[in-house]
Visitor: 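Please see the structure below; I have some questions.
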Amino acid sequence: MTDPTPNPRGARERALALVDGCDHVETLEELTERIERGRPLRVYLGLDPTSPDLHIGHAVVLRLLQRFVDDGHDVILLIGDFTARIGDPSGRNVMRPPLSDEQIVANMQTYATQAGMVLDMSRVTLMYNSEWLSKLTFSDLYKLLSQTTVAQMLERNDFKERYETGTPIALHEFIYPVAVAYDSVAMHVDVEVGGSDQLFNLLISRPYQVHAGQEPEICITVPLLVGIDGRKKMSKSTGNHIALTDPPNDMFGKTMRIPDEVLPEYARLAVCWPSSRVEALASGLKNGTVSPMDEKKRIAEDLVALYHGRDAARAARDRFERTIQRGEIPAEMPELPLAGRNKLVDLIVAAGFAESKRAAARLVGEGGVRIDGTVVTDPAARWTAAGPAVLQVGSRKFARIIP
RNA sequence: GGGUCGGUGGUCGAGUGGUUAAUGGCACCGGGCUGUAAACCCGGCUCGCGAAGGCGAUACGCAGGUUCAAAUCCUGCCCGGCCCA
């Protein structure tokens with residue numbers, strides 16, 4: 001993969017194409033200059049395996065990496081198995097508890113396979129930062145830490161905010177950006193990419209590299225995708241994410257729940273509509289000439305198509321229109337054997353539609369439960385259907401109960 | 001190390017000895033209106049048992065104590081903010 005792909009285009013043009021749609025490039029001139037040399041660049045993205053799933057927000061930066069792959073560069077996906085143990089404080093106002101080794105190992109595996117849904121992993125090198133970080137001695141760390149001042153650290157927005165509001169900042173949190181900077185030194189990279197919340201962590205690498213006698217890396221950040229709540233950045237822990245592995249119907253349904261205001265963002269970042277189309281959408285929404293719901297369905301369908309294929313996308317749309325918009329009972333749903341149970345609440349819990357029997361009883365009392373389309377409001381109800389019947393909770397949870 | 005203030009449910013934040021799992025906001029869930037959007041309205045939001053009225057368990061940093069009764073008082077411990085060193 002180190003064969004330089006002959007590329008007739010000019011370096012400037014290539015650089016511009018690579019960073020199209022990105023938030024911040026530090027700096028475009030350096031990128032252009034380095035491409036000009038003709039050597040494939042070492043480009044990397046660091047991901048801390050802190051959650052079992054990647055989501056469509058991660059896909060934005062993974063696509064940027066794929067652009068580098070396509071442009072003939074050496075792309076590294078760095079799994080932050082060591083830094084995951086420290087915890088990145090970015091964007092958080094509380095300390096995050098360190099993960100257990102088992103969780104980290106499990107997450108690393110899913111990250112690598114899930115990244116493959118966007119990235120051509122056969123042309124990407126996987127690396128793990130424990131390889132060098134775990135070998136640093138205390139005196140190595142001392143030397144590294146002496147290169148950054150507390151004032152520089154406090155410049156970072158979330159540190160400043162936490163400091164000013166009296167939210168605890170543990171000393172080890174300051175080490176995270178240093179560790180990430182050392183990754184860049186250890187791998188001797190040319191380019192680092194990340195989400196815009198990582199800009200500080202990326203930039204801090206540059207002086208470290210210079211100190212180590214290397215050229216500073218070019219830092220490129222991509223916009224963060226907002227979560228389906230339309231407010232906070234997408235993350236698993238906030239529960240506002242669409243996972244890459246979400247089944248088609250969930251992916252479609254979650255997309256339909258996003259607020260209208262963020263449709264252009266989703267069109268651009270989640271489904272990569274060309275900017276002309278995104279602009280048309282934005283202005284059409286503003287002056288009321290396009291139907292938000294129709295556009296939302298298009299985006300939802302495109303999103304599903306991206307990860308599950310066009311057929312699945314059409315099926316998801318069809319299912320949505322039938323069951324949600326027209327209130328029909330879906331053709332396919334999970335089956336649940338009665339298995340001797342006869343209390344309605346037990347079945348709701350067994351189907352996974354409620355966390356406890358009391359919660360199930362509340363749902364029933366609230367009129368949120370139907371059997372074969374008929375609302376049941378008695379929390380003490382017992383199952384009386386002789387044949388298979390459809391249990392429905394809320395508008396979108398269905399199970400076929402088999403006697 | 002000294003002083004001082006504080007640690008309440010997913011989150012923020014009331015409550016400072018006495019019906020009641022504990023006011024309120026946010027988040028979340030169900031229902032209504034809708035476009036599984038927004039706004040708005042209603043209800044819910046610890047768990048288990050019981051056909052039901054109900055019963056029981058657990059919960060306000062942790063552990064003890066005082067009291068008929070404690071989130072609320074006392075002691076010790078743990079954790080944090082601020083000030084001083």
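Values reported hereafter were calculated over all heavy atoms of this structure, with side chains retained and with hydrogens, waters and symmetry mates removed.
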Visitor: Look at the aromatic rings of A/Phe174 and A/Phe159 and report parallel, tilted or perpendicular, splitting at 30° and 60°.
Guide: perpendicular
Visitor: How many whole angstroms separate atom CD of A/Gln392 from atom P of B/rU36?
Guide: 14 Å
Visitor: Calculate the interatomic distance between A/Glu295 atom CD and B/rA38 atom P; express it in whole Å.
Guide: 18 Å
Visitor: Find which nucleotide of RNA chain B each of A/Lys232 and A/Arg396 is nearest to by heavy atoms, and output the residue with the more 5' nucleotide.
Guide: A/Lys232
Visitor: Once you apply a heavy-atom cut-off of 4.0 Å, does A/Ile324 come out as touching a base, just sugar-phosphate, or nothing?
Guide: base
Visitor: If I pick the P atom on B/rA51 and the same atom on B/rG43, what distance separates them, to the nearest angstrom?
Guide: 30 Å
Visitor: Please identify which of these residues, A/Arg34, A/Arg42, A/Gln209, A/His73, meets the side-chain hydrogen bond (donor to acceptor under 3.5 Å, both in side chains) condition with A/Asp190.
Guide: A/Arg34
Visitor: At 4.0 Å (heavy atoms only), tell me whether A/Gly253 reaches a base, stays on the sugar-phosphate, or touches nothing.
Guide: base
Visitor: Answer yes when A/Arg317 and A/Glu321 have at least one side-chain N-carboxylate O distance shorter than 4.0 Å, and no when they do not.
Guide: yes
Visitor: Nearest to the side chain of A/Asp260, heavy atoms from C-beta on, is which of B/rG35, B/rC47, B/rG30?
Guide: B/rG35
Visitor: Measure CG/A/Asp229 against C1'/B/rA38 and give the value in whole Å, please.
Guide: 14 Å
Visitor: Mind checking the P distance from B/rG53 to B/rU72? Whole angstroms is fine.
Guide: 33 Å
Visitor: Could you tell me which non-hydrogen atom of A/Pro292 sits nearest to which non-hydrogen atom of A/Leu263, and how far apart they are?
Guide: O-CD1, 3.7 Å
Visitor: For A/Asn240 and B/rU11, give me the distance from atom CG to atom C1', rounded to whole Å.
Guide: 15 Å
Visitor: Is it true that A/Lys297 and A/Asp302 have a side-chain N and a carboxylate O under 4.0 angstrom from each other?
Guide: no
Visitor: Base, sugar-phosphate alone, or nothing: which one does A/Leu263 contact when heavy atoms must sit under 4.0 Å apart?
Guide: nothing
Visitor: Would you measure the distance from the C1' atom in B/rG13 across to the matching atom in B/rC26 and give it in whole Å?
Guide: 11 Å
Visitor: Taking the C1' atom of each, how far is B/rG25 from B/rG48, in whole Å?
Guide: 31 Å
Visitor: May I have the distance from A/Ile348 (atom CD1) to B/rG30 (atom P), rounded to whole angstrom?
Guide: 12 Å
Visitor: Side chain of A/Pro259: nearest nucleotide among B/rG35, B/rA37, B/rU36?
Guide: B/rA37
Visitor: Any donor-acceptor pair under 3.5 Å linking the side chain of A/Thr110 with the backbone of A/Pro52?
Guide: yes
Visitor: B/rG30 phosphate, OP1 or OP2: any side-chain N/O from A/Arg362 under 4.0 angstrom?
Guide: no
Visitor: Go through the N and O atoms of the side chain of A/Glu366 and the base of B/rG31, and report whether any donor-acceptor pair is under 3.5 Å.
Guide: no
Visitor: Side chain of A/Asp81, backbone of A/Ser130: donor and acceptor closer than 3.5 Å?
Guide: yes
Visitor: Closest approach to the side chain of A/Arg257, judged atom by atom: which nucleotide of B/rG54, B/rC29, B/rA52 is it?
Guide: B/rC29
Visitor: With no hydrogens and no angle check, is any side-chain donor or acceptor of A/Gln392 less than 3.5 Å from a backbone partner on A/Gly394?
Guide: yes
Visitor: Does a side-chain N or O from A/Lys254 land closer than 4.0 Å to OP1 or OP2 of B/rU36, or not?
Guide: no
Visitor: Is the phosphate of B/rC29 approached by A/Lys397 (side-chain N or O, under 4.0 Å from OP1 or OP2)?
Guide: no
Visitor: What interatomic distance, in whole Å, is found between P of B/rG80 and the corresponding atom of B/rG30?
Guide: 39 Å
Visitor: Let me know the distance between CG of A/Asp378 and C1' of B/rA51, rounded to the nearest Å.
Guide: 10 Å
Visitor: What integer number of Å spans the P atoms of B/rU46 and B/rA63?
Guide: 22 Å
Visitor: Report the secondary structure of RNA chain B in dot-bracket form, marking unpaired bases with a dot and bases paired to a different strand with |, and treating Watson-Crick or G-U pairs with both distances under 3.5 Å as paired.
Guide: ((((((((.[[[..)..(.....]]].(((((.......))))).((((....))))...[[[[[..)....]]]]]))))))).
Visitor: Could you state the CG-P distance from A/Asn342 to B/rG50, rounded to the nearest angstrom?
Guide: 11 Å
Visitor: Would you say the side-chain atoms of A/Gln114 pair up with the backbone N or O of A/Asp53, donor to acceptor, closer than 3.5 Å?
Guide: no
Visitor: Of the listed nucleotides (B/rU36, B/rG35, B/rG54), which one gets closest to any side-chain atom of A/Met256?
Guide: B/rU36
Visitor: Can you find an N or O donor on one side and an acceptor on the other, under 3.5 Å apart, linking the side chain of A/Asp294 with the base of B/rG35?
Guide: no
Visitor: Examine B/rA27: is either OP1 or OP2 under 4.0 Å from a nitrogen or oxygen in the side chain of A/Arg231? Give yes or no.
Guide: yes
Visitor: Work out how far the C1' atom of B/rA71 is from that of B/rA21, and round it to whole angstrom.
Guide: 12 Å
Visitor: Please check the phosphate of B/rC47 (OP1 and OP2 only) for any side-chain N or O of A/Ser356 closer than 4.0 Å.
Guide: yes
Visitor: On the nucleotide B/rG35, are OP1 or OP2 found under 4.0 Å from the side-chain N or O atoms that A/Gln325 carries?
Guide: no
Visitor: Rounded to whole angstroms, how far apart are NZ on A/Lys357 and P on B/rA51?
Guide: 11 Å
Visitor: Could you tell me how far B/rU23 sits from B/rA14 if I compare only their P atoms? Round to whole Å.
Guide: 15 Å
Visitor: Given B/rA37, B/rG50, B/rG35, identify the nucleotide with an atom nearest to the side chain of A/Lys343.
Guide: B/rG50
Visitor: Using only atom types and a distance under 3.5 Å, with no angle test, would you say the side chain of A/Arg67 pairs donor to acceptor with the backbone of A/Leu18?
Guide: yes
Visitor: Looking at the side chain of A/Arg382, which of B/rA51, B/rC47, B/rA37 is the nearest nucleotide?
Guide: B/rA51
Visitor: Taking for each residue the nucleotide of RNA chain B bearing the nearest heavy atom, is the 5' side occupied by A/Phe252 or by A/Ala380?
Guide: A/Phe252
